[in-house]
Amino acid sequence: MTKRGALERVLFYLFGGLAVLSSLSMVTRRNPLGSALSLVVAFLSLAALYAVLKAHLLFAIQLWVYAGAVMVLVLFVIMLLNLRESESRPQPLGFGRFAIATVAVAGVGWKALSVFAEQTGDAVTVDDSFGTVAGVGEVLFTRWVLQFEVVSILLLAVIVAVVVLVKRRA
Amino acid sequence: MESGLLWLIPAAPLAAFVVNGSVSLATSRPGRHAPHGLVHAVACLGPGIAFLVSVWTFWQLHGMPEGSRVLTQHVYEWISSGSLQIDVAFRIDPLSGLMLLFVTGVGTLIHIYSTSYMHEERGFARYFTYLNLFMFAMLILVLADSLPLLFVGWEGVGLCSYLLIGYWYDDPEKASAGKKAFVFNRIGDFGVLLAMFLIFWTLSRAGAPSLRFEDIRAHLDAFSPGVATAVCLLLFLGATGKSAQIPLFVWLPDAMAGPTPVSALIHAATMVTAGVYLVARLGFLYALAPMALSIVALVGATTAVVAASIGVAQNDFKKVLAYSTVSQLGYMFVGVGVGAYGAGIFHVFTHAFFKACLFLGSGSVIHALHGEQDIRNMGGLRKVMPVTFWTFLIATLALAGIPPLAGFFSKDAILWEALSRPNVVWPWLPKLLWAMLLLGAFLTAFYMWRLVALAFFGTFRGTKEKLHHAHESPWPMAMPLVVLAACSVIVGFFGVPGFLGGSNAIDHWLEPAFVAEGHTAVAAVAEHAAHSAAAEWGATGVAMLMGLLGIGLGHLLYVRRPELATQLAARFSGLRRVLAAKYYVDEAYDAVVVRPVRMLSDRVLWRIFDVRIIDGIVNLLGGLTKAFSYVFRFFQSGYVQTYVFVVVLGVLVLLWRVK
Amino acid sequence: MGLLSSIVFLPTVFALALLLMPRGNDRAVRVLALVGMLVDFAAALVLLARFGTGSGMQFVERVPWIEHFGIEYHLGVDGISLWLVVLTGFIAPLAVLGSWKGISERVREFHVLLLLLQTGMMGVFMSLDLFLFYIFWEITLIPMYFLVGIWGHERRLYAAIKFFVYTMAGSLLMLVAILALVLQHQQQTGEYTFNVLRLYETHVPQSQALWYFGAFAVAFAIKVPMWPLHTWLPDAHVEAPTAGSVILAAILLKMGCYGFLRFAIPLFPEAAMAILPVLFILPVVGIVYGALVAMVQPDLKKLVAYSSVSHLGFVMLGLFAFNRQGLEGALYQMINHGLSTGALFLMVGMLYERRHTRQIAAFGGLAQSMPVYSTVFVIVMLSSIGLPGLNGFVGEFLILLGAFHEARPYAIVATTGVILGAVYMLWATQRVLFGKLDKDENRNLPDLGRRELAVLVPLVVMILVMGVYPKPFLSRMHDAVGDLMAHVESRVENQRRADLAPPAPWDVARQVDATGKGAR
Amino acid sequence: MITVPAWNSEVWMLLAPMVVVCLTAVLQLTLDLMAGERRVPSAWISIGGLAIAGVLVLGRWEAPLGQAERALGGAIRIDNLTVFLTVLILGGAALALATADGYLDQAKRGQRPEFHALALFAVTGMMLLVAAGELMTLFLALELLSFPTYVLCAFRRDQLKSSESALKYFVLGSFASSIFLYGVALIWGSTGTTVISSLAAAPESSLLHLGTLLLVVGFLFKIGAAPFHMWVPDVYEGAPTPVTAFMATTVKVAAFGAFIRVLVGFVVTQSMPTATALAVIAGLTMIVGNLSALTQDNIKRMLAFSSVAHAGYMLVGLAAVARSGWDTGAVAVLYYLAAYVFMNIGAFTVVTLLSRSAEGELQFDRDWSGSARRYPFLGIAMTIFMLGLGGIPPTAGFFGKYSLFKAAIDAGMMPLVLVAILNSLVSVYYYLRVVVAMYMRTERTVIPGVLESLAPARAHVLQGPGAMAAEEMVAPPRMADGRAWMANAVVAICLFATLWLGIGANLGALPGVSRVIDWAELAASALR
Amino acid sequence: MVGLNEWLILSGILFLIGAVGVLTRSNGLILFMSLELMLNAVNLSFVAFSRFTGRMDGQVFVFLVTAVAASEAAIGLAIFVNLFRLQKSVDVDQLNSMGD
């Protein structure tokens with residue numbers, strides 16, 4: 001148990017740290033391409049963390065959907081729009097903007113994280129089906145089937161929406 | 001006793017007013033002319049009928065037993081609200097009966113006079129409309145059985161005075177004079193109104209809320225001395241306004257801007273005596289307030305002297321008469337002020353005739369000279385206008401108090417009463433009053449003779465042309481002059497005092513009106529100190545002497561040795577100027593009251609308080625709101641990240657405050 | 001549909017009819033609007049004729065409306081509202097007739113708004129349900145706002161908005177107070193109602209009642225307008241078209257006075273009595289202040305507007321005196337002011353139509369070119385300054401008499417208004433009508449035409465009749481005023497008994513008054 | 001443990017209204033494909049679909065919660081509240097969409113079916129939102145309504161403002177939904193359930209409080225309460241006017257409906273100063289909204305700020321609910337929503353009708369001068385809408401405000417009511433500005449907006465005496481001149497509703513104020 | 001063992017970093033990516049809660065949220081593309097044609 005616990009801790013700090021660092025990198029890159037690549041790393045780290053949390057299905061989905069589909073889409077758009085050093089202009093609030101934003105966010109974070117920090121509890125023992133396709137699928141298609149259907153409608157709507165937006169003029 | 005005909009007295013002139021008013025309005029458009037005959041007939045018929053009914057009523061009254069000589073008529077309920085009940089009801093007692101008689105009589109004469117005097121005027125129908133309305137209002141004033149109804153007439157005559165003074169409204173000064181008269185009257189009315197409220201309040205507390213004269217007389221116990229004094233002084237304030245006493249006398253000389261018959265009727269014979277009438281009417285109330293009475297007397301005496309002194313220095317024919325009127329009104333107030341209501345009213349009565357005569361005479365002169373009013377441009381009219389001259393002379397002598405003309409008796413009565421009645425408040429007052437009145441009598445005789453001398457004696461000082469056109473007035477003007485002059489001779493005999501062997505009929509006639517039955521306070525004041533007939537003789541002699549002295553001096557300065565007058569004028573030029581400028585009272589009012597108030601209203605109340613402060617606050621609130629609007633809009637920068645930032649701030653605040 | 005409803009909604013019906021009329025025929029529009037107003041007036045006269053004596057509301061119509069909140073369509077008339085209804089009916093046709101020539105733009109809209117305004121005003125005077133009252137109260141705002149804003153003069157936008165916002169400020173406060181009061185009533189009785197007559201019985205703790213009364217009072221005081229909340233009035237009056245000014249002065253301002261009489265005072269008598277000194281001071285200041293400021297106005301219309309401030313000071317003084325003479329005088333003076341100030345505004349409008357200016361300095365000597373006009377002007381002016389024999393005197397006299405009973409110092413100061421009123425009115429008259437006719441523009445001004453006479457003669461006749469024979473007017477007020485006084489007195493008496501306070505001086509006089517009445 | 005929903009006919013009947021709307025959206029797209037060159041009456045199809053959904057949902061009025069609801073694990077509750085709100089949403093959507101075709105034609109923008117489809121998808125989301133009894137469903141519904149709305153905002157692809165508004169809406173909306181979702185996560189994490197009815201009984205914890213707070217922030221964002229309101233003006237201004245009308249009304253109804261449910265469901269039961277916080281936010285929202293609106297010159301922006309202010313008024317009602325727990329506040333809010341829908345759609349439709357060339361001439365002070373003269377009906381209508389929004393009798397807005405204030409006074413929140421009163425006063429000023437422009441200013445002869453849009457070379461040619469004629473020539477027709485009867489009908493309906501909901505009495509079948517209030521009360525009783 | 005608090009804090013930090021990104025980056029795409037990061041941070045807490053309570057509903061939520069996030073990506077990018085057509089830039093600092 002402790003060994004597993006230690007491993008888990010190592011993995012947590014490894015991927016957690018990676019996620020944080022790559023997120024920071026994403027936020028601070030000047031080039032959107034760099035940001036995008038940093039984000040990919042963050043997504044991958046998160047996928048790893050999902051695995052640590054025994055959410056195997058989500059691990060896969062995270063890889064496919066985020067690291068795969070979404071990021072490809074983003075990169076595609078970046079290429080399409082040929083965006084590079086687009087932030088050369090001075091910003092309305094300049095450097096101050098960064099400082100003020102950080103302070104404000106930190107203020108929120110201080111309060112929120114202190115609440116988080118109070119949380120105790122250990123991971124419960126779970127059966128093998130936990131986090132697997134079968135396990136999640138059973139829950140998804142029984143109790144959450146309505147929501148699932150809603151998502152499908154959402155996707156349909158989004159397809160129409162995107163078409164409306166980007167379709168060339170008839 | 002109930003009489004069914006009283007309503008006819010005011011109704012007749014009212015009807016005339018309606019008819020003439022309609023005619024006047026209908027013909028007011030340019031190019032239309034009112035029918036002279038109709039207007040004249042109607043105009044004279046109104047007061048004429050009133051006069052006849054009055055005479056008949058008076059006769060009836062005369063036939064009733066002494067002490068119960070009252071005729072009443074309840075016409076309809078006017079204002080009724082809770083305990084307040086005011087009726088249109090008329091009441092004739094000896095006092096109002098007497099007033100009625102000469103008001104309608106003199107009024108009718110002046111209407112007749114006016115038909116000729118105003119013949120050339122385009123707006124003569126309008127003139128008669130006002131004049132008829134005046135008669136109506138004056139009769140209401142006299143006939144009223146309650147204070148509010150009296151007040152209707154009181155204000156009504158003020159209105160007509162306003163309208164008639166401003167008859168030639170296209171002259172701004174004349175219009176202004178009318179306004180002045182109205183406003184000064186209103187100041188007096190303020191007092192009358194408050195007096196009414198105070199009386200009603202007092203009587204309400206006594207359980208007999210009313211404003212009828214009879215009820216006031218019946219509940220005199222309700223008035224504490226303080227309240228009685230307050231009421232009387234407030235009423236007297238009204239009287240000073242209407243009767244042109246100090247401090248509100250300045251309007252009357254200006255009122256000479258009106259047509260001369262108006263001056264005769266309103267500003268000499270009738271309306272201006274309403275103040276005296278009011279005090280006399282409520283004599284039983286004044287009896288409760290010796291202090292108020294003393295003030296009335298003192299104010300009257302002062303006015304008598306001051307106005308007479310001003311009269312000495314006036315050059316306008318009518319202004320001299322106007323100041324003379326003010327002065328004589330002062331005499332009347334002394335009369336009523338010392339509690340000698342009979343004497344006061346007697347003077348009202350006699351004064352009505354000779355002063356009307358004087359004014360009509362002046363009108364005759366002015367008419368003849370086509371509007372010339374300055375006595376320095378007259379002279380020698382004695383031969384051109386004999387009727388006018390002789391009637392004027394008689395009236396002048398009457399005014400100067402030369403026996404046996406009317407003025408002598410009435411003035412002498414006042415002088416004697418003033419001297420002989422002890423004053424409980426200020427014991428020294430009687431002598432002072434007497435001295436002042438003597439001085440007044442002297443001045444009166446002097447300026448009147450000056451007037452006569454300058455206008456009728458000597459040679460004509462105006463233009464040739466004017467002299468050429470000058471002529472004696474036609475009969476409708478001459479006839480009233482003669483009648484009035486005759487009256488000036490006769491009416492004095494109604495009040496021949498006892499020591500001269502007379503019966504003082506007027507005093508006896510009037511007495512019941514002033515006495516509240518069984519009221520001790522009244523009796524106390526009314527009590528005569530016993531004086532010997534010799535003293536009375538002596539006093540009379542001195543008074544008469546004063547009149548003669550005045551005439552003599554006047555004759556000396558203006559007929560015999562005119563150069564002396566010029567020298568004197570040069571010698572006392574300062575005094576002359578002050579007198580000619582009426583002691584600068586008008587200017588003082590202007591500087592102390594009119595200008596500051598106007599300034600305050602315009603600069604402070606309106607432009608600063610209203611516009612800057614109140615509206616300023618309102619607009620400032622609006623402006624502040626708008627300013628805040630821009631503050632909020634500043635944050636609405638249009639940058640999406642600002643918005644996100646505000647969201648984060650919102651979360652921040654919620655987190656830190658709510659959690 | 002009952003008589004009252006007919007009176008209220010007949011103008012609306014005519015307004016709708018006007019809307020359906022084809023465009024372009026202004027004359028037909030005017031005629032129809034006039035007919036509408038006349039029919040409404042006729043209905044009001046029927047009401048007057050059928051009005052009986054006795055206490056309580058008459059011609060009551062009561063239909064559930066918004067049951068959920070206990071709101072009813074509840075109309076009724078007593079001696080207090082009767083005359084205001086009749087006055088409203090009387091003035092409206094004159095206002096239409098008076099703007100026959102003055103309004104040439106958007107004629108249809110103009111008359112539709114006038115008719116709607118009529119509905120609102122009638123509703124205000126008849127509503128016995130607070131909610132209904134509030135709705136009518138606000139409804140009157142809208143047409144007036146348009147009348148000023150569309151057909152007004154140069155600064156009409158400012159004036160219209162000022163009028164609207166000023167008035168709204170007060171009425172919103174009143175709305176809160178209404179809600180709070182109704183809630184209080186519900187908590188006491190379990191009944192949710194807006195019925196004024198029921199709410200009269202609500203006991204509100206004094207600390208709250210003061211606030212509620214304050215809210216009502218501010219709303220009404222703005223409308224009256226009481227000094228120092230009056231500054232919207234001169235602007236609104238000056239900028240409004242003639243008909244607007246007339247109705248504003250003659251009727252709308254009375255809504256404020258009426259509000260005090262029907263709502264503010266009887267709902268919270270204890271509170272009103274508690275702040276009586278303030279309630280006396282404000283009208284008195286208003287009387288003097290309005291007169292002084294009116295005196296120096298260079299604009300004739302503004303002068304009349306400020307004179308309204310002064311005159312309504314009298315009304316309010318009488319109202320707060322709250323004895324029979326004061327109340328009846330105040331009611332009477334409301335009608336008087338409606339007639340005389342209405343007439344003055346009409347006449348200023350007639351001058352404006354001829355000369356397109358309202359500056360006093362632009363006139364002078366008009367008595368020469370317009371004698372009939374001048375005659376009427378003088379009569380109206382005299383009515384306005386309270387000349388005995390004309391209507392103004394009766395009201396002023398009763399008011400001052402009543403006020404004198406309750407608060408002598410105030411009454412004395414107020415009486416100076418009699419002097420000041422004469423000063424500014426006579427001065428203005430002199431500058432407009434008298435003097436030399438020295439301006440060429442004024443030389444050939446036509447005198448009153450037949451239409452204008454038709455507008456003014458009824459007013460002058462009423463001015464005379466009400467001055468000479470006020471009895472029919474006063475006698476119909478007696479019962480309602482008695483009811484009101486009895487109600488307020490019993491409320492105050494109850495409170496006094498609860499407080500064990502010594503009787504106030506003003507009450508002594510009232511008791512004497514009552515005994516005096518008995519003695520007669 | 002896991003309840004398997006029985007997807008029987010009962011469940012389908014429950015979902016039928018949403019399904020119908022969703023299918024209508026699909027139908028729009030299919031018909032468009034089949035129609036080819038022919039014009040498809042998209043608006044009528046939408047209205048038809050919405051009407052059918054309306055009938056279906058009305059069938060659930062007063063119906064007891066059945067097996068089906070339980071079957072869905074509490075995810076959906078079709079109670080009276082749902083029915084009431086859904087009808088409002090459907091009605092508002094139908095009215096807003098009825099004006100869309102004319103607008104799109106005028107804007108020379110195709111893709112009408114897509115427009116309607118997107119809107120109908122959003123309506124589906126709203127229906128789900130007000131029916132949702134579970135937080136995750138709530139989240140999904142929120143996104144389902146948001147995404148199409150973002151795109152609808154950007155529907156005028158050719159206009160920068162339109163795209164910009166979409167971007168702002170998107171960024172802020174996504175940000176807010178992240179917060180919302182975080183809230184859901186924390187709530188679920190701390191209680192193990194997301195079903196509202198179970199949450200009421202869940203033990204309190206700081207985590208739950210935090211989650212609740214974030215959830216509430218998400219709602220406050222959607223309803224546009226200060227300080228989460230800043231997207232509102234920019235988005236409302238930039239979006240095509242019918243979309244603005246749609247957003248400003250239906251979305252707000254849906255968001256408020258869901259918010260009430262959540263609030264009463266489990267927020268107020270927690271030991272947080274909810275009422276005070278809501279009161280402060282309400283006050284702030286009113287103040288910010290009204291004061292910002294005060295000096296706006298663009299009519300849409302002004303209406304946007306006014307809608308912020310109205311959110312503030314309604315929050316007063318919610319604060320009252322939070323304070324007293326009585327549902328009078330909720331009743332008032334529901335009534336106000338109904339009133340608000342009609343007034344706002346009416347106002348925005350007038351904007352649509354009066355702005356030449358779609359999205360032009362929105363500077364009402366200048367562009368609308370004297371327009372009431374040429375368009376008397378629109379003038380009257382706009383006046384009534386403005387009066388209604390200002391809360392002046394005899395309009396629905398007044399009665400709505402009245403009931404809100406009453407609820408707040410009942411709850412003892414007099415200071416808040418006074419703030420609201422002052423705000424109403426301020427609001428009157430800017431609403432009247434519109435009326436002033438339309439009625440009291442003189443009509444312009446030359447329309448600067450049109451001239452400015454022309455090339456400078458042509459503009460100076462137009463300075464001459466021929467300017468008038470040229471202006472007539474170049475100005476595209478106003479919608480009011482052409483195919484606008486539907487929009488006018490919408491205005492008429494809104495006008496009637498605005499007045500009738502202000503003073504209407506129950507007249508036979510026609511419901512008056514009282515009956516609508518009764519309905520709102522029945523709806524609010526579902527919260528007990 | 002890694003405690004729930006640590007997971008939550010990690011999730012929180014990621015969320016906050018995303019927030020900072022949204023607040024500061026004027027490049028629309030980076031801003032957009034920050035939004036995606038925030039959703040992912042929430043997902044992490046869902047998964048963590050799921051793990052610590054043994055309820056798989058949290059993972060279902062993540063599943064659903066992922067779909068939503070993908071939709072969001074599509075919509076967002078479409079909006080950016082559309083905007084870029086008009087503005088030739090995705091810099092949000094240049095976007096203030098509205099605002100007071």
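Per chain, numbering begins at 1; letters A, B, ... match sequence-line order.
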Over 60° means perpendicular and under 30° means parallel, so tell me whether Phe69(C) and Phe399(D) are parallel, tilted or perpendicular.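 The rings of Phe69(C) and Phe399(D) sit tilted, inter-plane angle from 30° to 60°.
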
Phe131(C) and Phe398(D) aromatic ring geometry - parallel, tilted or perpendicular at 30°/60° bounds: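 Correct class here is tilted.
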
Could you tell me whether the side chain of Phe164(C) reaches within less than 4.5 Å of the side chain of Val435(D), counting heavy atoms only?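 Of all side-chain heavy-atom pairs linking Phe164(C) with Val435(D), none is under 4.5 Å.
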
Should Leu173(C) and Leu418(D) count as side-chain neighbours, where that means a heavy-atom distance under 4.5 Å?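 Side chain of Leu173(C) against side chain of Leu418(D), heavy atoms only: contact under 4.5 Å found.
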
Let me confirm one number: the [atom1]-[atom2] distance from [X] to [Y], rounded to the nearest 0.5 Å.
{"X": "His68(C)", "Y": "Tyr335(D)", "atom1": "NE2", "atom2": "OH", "result": "11.0 Å"}
{"X": "Ile150(C)", "Y": "Tyr439(D)", "atom1": "CD1", "atom2": "OH", "result": "6.5 Å"}
{"X": "Leu172(C)", "Y": "Ile421(D)", "atom1": "CG", "atom2": "CD1", "result": "4.5 Å"}
{"X": "Lys406(D)", "Y": "Leu183(C)", "atom1": "NZ", "atom2": "CG", "result": "7.5 Å"}
{"X": "Ile139(C)", "Y": "Thr395(D)", "atom1": "CD1", "atom2": "OG1", "result": "9.5 Å"}

If you tally heavy-atom pairs under 4.5 Å against chain D, which of [options] wins?
{"options": "Val182(C), Val63(C), Ile178(C), Val165(C)", "result": "Val165(C)"}
{"options": "Tyr145(C), Tyr134(C), Trp151(C)", "result": "Tyr145(C)"}
{"options": "Glu138(C), Gln187(C), Arg106(C), Glu67(C)", "result": "Arg106(C)"}

Taking it one step at a time, do Arg373(D) and Glu109(C) satisfy salt bridge (Lys or Arg N to Asp or Glu O under 4.0 Å)? CA-CA 10 Å; Arg373(D) 201 157 210 201; Glu109(C) 287 87 337; over 6 Å; no

Closer than 3.5 angstrom, by distance alone: can the side chain of Arg156(C) be matched with the main-chain N or O of Met440(D) as a donor-acceptor pair? yes

Measure from the side-chain N and O atoms of Trp65(C) to the backbone N and O of Asn506(D), and report whether any donor-acceptor pair falls under 3.5 Å. no

Minimum heavy-atom separation for Ile142(C) and Pro394(D), please, with both atom names.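 That closest heavy-atom pairing would be CD1-CD, 4.4 Å.
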
Using heavy-atom distances under 4.5 Å, tell me whether Val428(D) contacts chain C through its side chain, its backbone, both, or neither.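 Looking at Val428(D), just its side chain touches chain C.
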
Which atoms of Leu422(D) approach chain C - backbone, side chain, both or neither, heavy atom under 4.5 Å: neither

Quick check for you: among Ile409(D), Val436(D), Leu432(D), Val513(D), which has the greatest number of heavy-atom pairs under 4.5 Å with chain C?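 Counting heavy-atom pairs under 4.5 Å, the top option is Leu432(D).
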
Test side chain to side chain contact (heavy atoms under 4.5 Å, CB included) on Leu175(C) and Lys401(D); report intermediate values, then the result. CA-CA 10 Å; Leu175(C) 177 63; Lys401(D) 258 188 199 145; over 6 Å; no

Which region of Ile135(C), side chain (C-beta onward) or backbone (N, CA, C, O), has a non-hydrogen atom less than 4.5 Å from a non-hydrogen atom of chain D, or is it both or neither?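 Contact with chain D involves both backbone and side-chain atoms of Ile135(C).
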
Check whether more than 12 heavy atoms from other residues, nucleotides or ligands sit under 6.0 Å from atom CH2 of Trp211(C), and answer yes or no. no

Assess the residue pair Val176(C) and Met414(D) against the criterion (side chain to side chain contact (heavy atoms under 4.5 Å, CB included)); give the C-alpha distance rounded to whole Å, side-chain angles, the decisive distance to 0.1 Å, and a yes or no. CA-CA 9 Å; Val176(C) 175; Met414(D) 191 55 107; 3.4 Å; yes

